[in-house]
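Take a look at the structure set out below.
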Amino acid sequence: MISGELFIDLLLGSGALVTAILCLTAKDLFQAILLFISMGLLVTLAWVRLGAWDIAIAEAAIGAGLTGALLIATRRQLNQ
Amino acid sequence: MPVIDVASLLPLLIAIPLIGAIFSVLLSTKYAQVLIGLLSALALVLVIGLILVNLPSVDTEFTTPLRYVLAGWEAPLGIALSLDGFSALLLSLTVFLVTVLTFYSAFYFAASPARVRFWPLWWLLVAGINALFLSADIFNVYVTLEIIGLAAVALVALSGNKAGLTAALRYLLVGLLGSLCYLLAVALLYHVYGTLDFAQLAAKAESNPLSWAALALITVGLVLKTALVPLHFWLPHAHGSAPAPVSAILSALVVKASFYLLVRFWMEILAPAVTNEALMLLGILGGTAILWGCVQALRAKRLKLMVAYSTVAQIGYLFLLFPLLMSTEEASASQLAAQQQSALAAVSYFIVAHACAKAAMFIAAGNIIHSLGHDDIAKLQGMAKYMPLSLFTFAIAGGSLIGLPPSAGFIAKWLLLNVAIDTHQWWWVVIILTGGLLAALAIFRVLDQAFIKPEQASDHVAPDNWQKVPVAMPVSGLALALCTMALGFNADLIIDLIAIEGGE
Amino acid sequence: MTQALLYGVFGIALFGIGLFGVLAIAHVVKKILAINICGVGVFMVFIANASSGAAPDFVPHAMVLTGIVVAVAGTAMALSLVVRINALEKPEEGA
Amino acid sequence: MMWQSTLPLLILLSALVSGVAIFFVSDNKPILRKTLNFFGAGSCVGLILVMISGVYQGQVFETRLPLLPNMDLVLHADALSLLFVALSGFLWLLTTIYAIGYLEQSPNRSRFFGFFSLCVFATIGVALAGNLITFLIFYELLTLTTYPLVVHKGNKASLAAGRKYLIYTMLGGASLLAGVVWLKALAGSLDFTATGILASMPHLDPFHLKVIFALIIIGLGVKAALIPLHGWLPSAMAAPAPVSALLHAVAVVKAGAFGIVRVVYDVYGVEFAQELGLTIILAVMASVTIVYGSTRAVFQDDLKRRLAYSTVSQVSYIALGTAIAGPIATIGGIAHLVHQGLMKITMFFCAGSIAETLGVTKVSQMNGAGKRMPLTMLAFSLAVLGMIGIPPAAGFISKWYLGTGALEAGFYWVLGVLIISSLLNATYFLPILYAAWFKPQQGAWPKEKPKGRLETHWMLMLPPVVTALLALSAGLFADAQFSPLNWVKLIAAREYGSEFVSILAASSQQIPAMWLALGAPLLCALLLVRKQMQQVAHWFLPLSAGIALLAYAISGQGSNTTPWLFFGSVLTLNDTTSTFFLLAVSLWLLAAVFAVNFVKADERKVRFCLFFLLAMCGNFGLVLAQDISGFISFFTLMSLASYGLVVHFDTDEAHQAGKSYMQWAVLGELLLFTGLAGLAFGSIDPSLAGNPEQTYPAWVIGFLLAGFGVKAGLFGLHVWLPMAHPVAPVAASALLSGVMVKAGLLGWLKFIPFGEVAFATYGSVLVVLGLFAAFFGVLVGVTQDNPKALLAYSTMSQMGILIAAVGVGLKYPELWSLLLPAIVLYAVHHGLAKAALFLFAGMNSTLTWHKYRWVCWLAAALPAAALAGLPLTSGAVAKIALKDVVERDLLMGTVLPLTATGTTWLMMRFLQLIAQKQPKKVTGQPDVLQLGAYGTLLILVTVLSYLISQANGTWANHLTAASFWSSAWPVLLGLGIYFITRALPAGDINVAYTEAGSLVRLGAETLSQGLKLLKDEIENTSWQLPQRVVCRQARVVGLAMAAVRSLMTPGVLFALLLCMLLLAMIAAR
Amino acid sequence: MFNNMTLSDSAQQEADLPGSVLLIIGMVVVAACLFLAMSLVQFQSTDQPLVTLVVSNLEQSGVENPVTAVLLNFRSYDTLLEVAVLLIVALAVMPFSLQDTRLPFIKVSEPVERSLVLEAFLRWLLPAIIVTSGYLLWTGAVLPGGAFQAGALLAGAGILLLLAGHHSFNFNAPTARLLLVVGLAMFLLVGAGVVLSSGIALAYPVAMAGMLILVIEVAATITIAAVLVLLFCALQIEPLGPQPNRVEKEKHS
């Protein structure tokens, strides 16, 4: 019997997995980057669930945010 | 009795290059950077000299490694630095090579704008290498690996051309992937044993699936970074495209750093999880690497590429260490320890020999590129006349790589062959000797070209864009080459150093 | 199955997806993405293991924090290389 | 002592430092570079001398540097290493001089000399290495340092050669490394010790040791050019001459050979290696290499390539000596290390000089080179003769010891190898000498440098002359205290733990004056070098013979013992030798006097004088020499010098005869070598002492008989004789037939134990052959139109009688005491009479027949009658003396009187020819000197034999009617035959006889003709077939055929003999 | 494996690996992951000694947030090296030019196109972000947050500024260099300085620990922010100073 909390965890985790897969299979690079950022946000949530607040903040700011910004900037360069 | 507390000198080995890097960033004029470089090198030499001089000898009390607990927090909470014979050897080697290469780079980059970035990156790389050899903490090792990896990539990218950048990118991705594999293993190990310290892990380690998994991940990750066949694909281009001093340090030290970690893990930290089959597998890969690397070196069209492939082959020799560690049923524990010790001694010698020789070789190749503007082997005809010193350097270093006496390479091979025969693994003898022969073919292919008299009379003058190199450049290469020869005359010093048992 | 274990397995799965991506995908930027996914997977294993006990273990948290910074540094470096290669590859377009 | 532990290192450093320093000298500073060069080489030699003297005083020199755990870098000076070090150091000095001259204007000299010194450094290291790993280190270093020298020219050929060299040596190095590592794992530190280190470790697996041995030998064999690892050596000829010289003589090939010596002796221990069955394999390998290398050399036209293949062959002597595993063979092998070095370096020096001065690189271009560059070619010739193994040159010494050693070890087949090799050596070397000295120059030299005061740059000339002289003295003074041979004996003593001291008992009665007899001709020959002396050269001939006569006159019987000459020389005057000496000295003197005016006017005066004097010296020496080596040395000197006399007139006929003479002479030498080696072995083996049956095995006697038989004109081996004797100048013909031919006889008398052991079979064979020859000579002789040719056949016939007499002596030892004087008497008689006839034949055209018809007839008839054995002549005396003794033998007793019939017939024919050739008109005055000489000879002919038989007290016997009749009827019969045959049409029969003669002579030649046909067939086929492989095979076969053909009869005959011998020996077991 | 690298979407198909190879790679990866997961599941975690160690030593660390304590005290060495990593990346991506060394760090210029909304937004947002990051830094000692988070936030401000188009940064300026190294330098300075009092590198005296950590964190924040901005700038080739490859390009055209 899966408890409610565990269910959320399961949801978050599989959400991250799915977005990761989608990210890698996406045809369009921009799409992939967006999916990557959303995966980062899902993972941030997961880490909040695990009580790792520092990490969550850092992931949101750096892992998802900054990396996302860099990726988008790169894409712009590539498409020029 | 040591006059000073040797252990307290250890952090200096990391701090000095970092300070050098900081000042190189801040003071970007040419002479300031060179001065900083030389001063840092000098300081490093002083420190390592003090350490070596005060290192207690193996027969007295120095049976456990030196240890320096950083920040005052003992492991598992904090991080410690430790130094045993093996790492002391590698550190000395690093300092020595860095000193020579610093001197060389001062001339190599004299006219290049790339020097502004080169110097700080150089010192950061050195800091990373030193930190790795001193580290006694598996997570800290991850950080040092990243420092080394990123700095190396940045240095490779200095060449600025497309081939160099592509090679750098590939190198970077490989490095990142390898580091992540390693990091996952760290996660598993920490999960299982609750500590990150080498010694504590070694004490706690046992043979269980997670240990195996961790060892496998570590091995894959580090083998990727060490460029063992079949994961060597990134190396030739990365080493072949970088500026000469960078190629030199990459081949001489950077690949050795990850190899050093492999040895640490297989021989000490996770020794209980090691099986004979796994050792043999690594050995077979090593053997393949020897042959493959040599064959590729034979086929290479560019000089530096050839030298880089030769590195692939030489890495193969290093991995012959592993099958030679195998225990046999009849051997007692003490016999096994002695056998492993001699195998390690052989491979350490190999590391030293290869490092010096390869650095010398890249310097020679760098000089040739510097003056000719290319390193196409087929167009090196008559080089012997124009650049005798560089060619001589190349020849001596080549002799060492082939394993011709009297050179460090010969001693290394000799030791390795001895162990192979002692452990009744004669097939390695065949491979080692074949590798030597193939290497000889590759090296002499170059020398042959260099001795050819240019056919037409008009070729008698130097090639068009001939540029004279400052004499210091070939001389520093020659110094290294002569070192490989000098090391071939007395192996006792190094072997005694290795005999200082670490860990366990 | 506990929460920690669940996330641990997810972490490994993420690592696997990333690994496959690195090996299989040709596009460099996506390779970089895949490596980042790998990294996230590893971090997740760290954090999951850290919370397997009664109280959370903060040492892995610190390590992951370091890891994240290193990862973004590596990513940035890779991307900058990509951009530079791209600029060299298409000189006429860039000018 | 500090200096003792640093001296080896200093020697090394002297080469290293100068080498390194030279690299930094700019090409524009030759003075500085030369100074450095000489400083290095000089100090090296100096230090080596210091070390040698130290070792003599019993000091131990060893440098030990830690290298690896339990493994030191050891430089150790023992006798063996000193030998090699001294050789290297000394030859380095010479080569440096040479190289400076050779490379005077070429680029990259600093590089060249730098590597050159480093190469020597490595060689010295190899020599001084005290354990296997040190050896390995320097051995590999040698590879590296020679590579730049090989590719020095930088052209395609040299690069290809360099590549080949590297591939071979690297493979070898790997194999060696594997072997050494393995051995180290089994046996530890591998320090060289005198009797081997492995022998004392019984627990080792023999199979492993065998495999290791194979690995090591492969490694060393590459440098030592053992087959099939020799491929690099001929290609490496692309290097400059000094490099080739050093490579071949010292550095590379010797390092390999030296290594083999070290491994077999000081690592495995020779006895242990023998137990493992390793030495026999090595011996076979070495033997195959020896034969193969020589065979290939025969077909090389490029001089340096020929020398290179010669090296392949010669270096394996060292390995062979090592592998034979006996102390004597060891001496031979190691001595060859030095000897071959000296000789081969000389050859390469000379080849380089010729190429540099004249642009000649091919053998076919060398015609007449001897006239242009006499000193160089002289040095070359000395080296070549030594290499062939002509005694007493250095090569002979090594071969001698090898042969004896092989017998000692029971390796009989090794003798065969040595002989085949020597034969091949002669085949490929002698034509060079022939071309250089006896052929006229054809056209301009390819690239001649302007001739200065000297024939070439002095730096190119000095080194080969020095090395050639050294090679010569190494053989000449083989047993001197500081000779290489003596040094090597020390080494062998160390390895086998025994002593080899040759003890010669000093004779009570010294005859120092006899040195004068030998020294005078040599001294005169030496004086010929000076231009002024050449003008009066013709007086040297009688002068030196006269001195010899004087010396004989003041010497009593006794002997001279000279331990340092040859292997210890003994010169003896006793009854037999006195007689022969007297015969020889008087004939030489008379012939010399006879020749004075002829020589004076001759255009090849100097050459004639030189050869005449040398032959004289040889003849005197061989008569006196009582020891094997001395005898054979003088014997060879005489044989070779006579060649110059035979070909003197430079006509085609003369050259043809000379060629045949030389072939047979060489063959004879080889047979003698074999026989004497066997003899020497029998005499030194203490276990055989006092047992003549075993001291003189039958095969030894067989070889001696055959060997001396060549010179004595034993039937079947006589072919050269009728060709050579007539073509020479008269004086020389007289000597050849009168006295030199007796050398063979004398050899028998000296070395076959007549009167001790019976050899019935040999005896019968000799009797049959001798008697057959006696008649055969007559039958062929009477068909001749040339009186000198007739006389030559007569010689053959007369020698047949002597040979038959010797055969009787072999059959009946108990007769010997009576037979010996008879034989000597007969020999003396024949010598005098035959010489007189020859002189007369030569004088005939200048005689004033119409004035002094009867005097002339008398002068001609007297010796003829004596030869025919007319009663009361010396001939009759000699024959009767002989007949009395040999009557015991049925055949001999019956047939001997009949020989006189033949001789009479022959002599009548001679007189007829003389009469036919009477000059119608005499131009110029008769030569007083000739007349005087002839007159003296006549007196001697008539008186001397009478005096001798008078002394014997047999004179009265001759005066009885019975004896008168017994000697008269054959003569009458002969006269009858003469007058009957005279009626027959002359001339046609001549052809028939000649044909018959050649048929008998050359059953073997038919064979070679057949082979030639076969070869032609194959060659033709090969041209039509495009496939390279087929061509190659066909070429090899063709070349083999050519080889056989070029050896012609001697070769085939020799092969047959050898086969028979082998069969005999196999059957005996 | 890594030889198939492409930059553009269009070339992706060609450079992809064949299906069979992909299948093999996939199977291997899945198998490896399964093994890892299985061994992880099977393993029964026992104790975590560090949990108690961290808590028990927290008081002496000078901060109350355990993560910050680990980062900047217990394992401060790792963090030191991490700052070095950032410096490496900064150097690697830094557009370098010797001429720019004398120009100021921040250059104000007229943007090509002005976005009034963005400008107004920035005027409000920037100070807020700076204050927030200061807060994050400050509370990092107690609550989640710290140098990295603060630095990232600050960097965000910088990037916004950049995007607005009024300002551009010149990282070759001496000031910029100082900003890039100040974190590492301060860390080293403090780490070495404490040797005077405690005798051990990086071992802060308990009394001063909090203050020293804050000093380091401030410096680190500045560096992190600078580096992150630099990273962003590096990917925006156009707005920055002349690149070496651009100079070449100009030569060509």
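Every chain is numbered from 1 and lettered A, B, ... according to where its sequence line falls, protein lines coming before strand lines. Every value quoted in this text rests on a predicted model; they were computed, and no experiment measured them.
The two residues E:L40 and B:H191 make their nearest non-hydrogen contact at CD1-CD2, 3.8 Å. Residues B:A71 and E:I200 approach most closely at N-CG2, 3.9 Å, considering heavy atoms. Pairing each heavy atom of B:G78 with each of E:R75, the nearest pair is O-NH1, 4.0 Å. The shortest heavy-atom contact between E:L184 and B:L18 is CD2-CD2, 4.2 Å. B:R117 and E:M94 get closest at one heavy-atom pair: NH1-O, 3.0 Å.
In this structure, E:F232 places its CZ atom where more than 12 heavy-atom neighbours from other residues, nucleotides or ligands lie under 6.0 Å away. Annotation: E:E59, atom CD; neighbour count of heavy atoms from other residues, nucleotides and ligands within 6.0 Å does not exceed 12. Within 6.0 Å of NZ in B:K204 there are more than 12 heavy atoms belonging to other residues, nucleotides or ligands.
Considering only heavy atoms from C-beta on, E:F43 stays 4.5 Å or farther from B:L188 through its side chain. Side-chain contact between B:L196 and E:L50: absent, with no pair of heavy atoms (C-beta onward) separated by less than 4.5 Å. Considering only heavy atoms from C-beta on, E:L87 stays 4.5 Å or farther from B:P120 through its side chain.
Neither the backbone nor the side chain of B:A157 has a heavy atom closer than 4.5 Å to any heavy atom of chain E. Contacts of B:Y68 with chain E are made by side-chain atoms alone, with heavy-atom separations under 4.5 Å and no backbone atom involved. Using a 4.5 Å cut-off between heavy atoms, B:L81 touches chain E through its side chain atoms alone. The parts of E:F74 that come within reach of chain B are both its backbone and its side chain, each placing non-hydrogen atoms under 4.5 angstrom from that chain. For B:Y142, no part lies near chain E; criterion is any non-hydrogen pair under 4.5 Å. Proximity to chain E (any heavy atom under 4.5 Å) is shown, for B:V153, by neither the backbone nor the side chain. Looking at B:L27, neither its backbone nor its side chain comes within 4.5 Å of chain E, counting heavy atoms on both sides. With a threshold of 4.5 angstrom between heavy atoms, E:L180 does not approach chain B through any atom at all.
Ranked by non-hydrogen atom pairs under 4.5 Å with chain E, the options B:N140, B:L155, B:I22, B:V69 are led by B:N140. Of the listed residues (E:G191, E:A32, E:S39, E:A92), the greatest number of heavy-atom pairs within a distance under 4.5 Å of chain B belongs to E:S39. Put simply, of E:L188, E:V194, E:D78, E:L202, the one with the most heavy-atom pairs under 4.5 Å next to chain B is E:D78. Heavy-atom pairs under 4.5 Å with chain E peak, among B:T195, B:D137, B:N208, at B:D137. In terms of heavy-atom pairs under 4.5 angstrom with chain B, the leader among E:N73, E:V85, E:V89 is E:N73. Note: E:N57 leads E:L53, E:N57, E:V70, E:L36 in heavy-atom pairs under 4.5 Å with chain B. For the set B:L210, B:V143, B:I19, the entry with the most heavy-atom pairs within less than 4.5 Å of chain E is B:L210. Between chain E and the options B:P76, B:A168, B:A216, B:A213, the largest number of non-hydrogen pairs under 4.5 Å is found for B:P76.
Looking only at distances, no side-chain donor or acceptor of E:R177 sits under 3.5 Å from a matching main-chain atom of B:L26.
Here the OG atom belonging to E:S61 is positioned 7.0 Å from the CH2 atom belonging to B:W73, to the nearest 0.5 angstrom. Taking CG from E:L81 and CG from B:L132, the interatomic distance works out to 10.5 Å, rounded to the nearest 0.5 Å. For the atom pair B:L150 CG and E:L91 CG, the distance stands at 11.5 Å (nearest 0.5 Å).
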Any chance you could lay out the side-chain contact (heavy atoms from CB on, under 4.5 Å) test for B:I14 and E:L80, step after step, and finish with the verdict?
-> CA-CA 11 Å; B:I14 303 155; E:L80 171 70; 5.8 Å; no

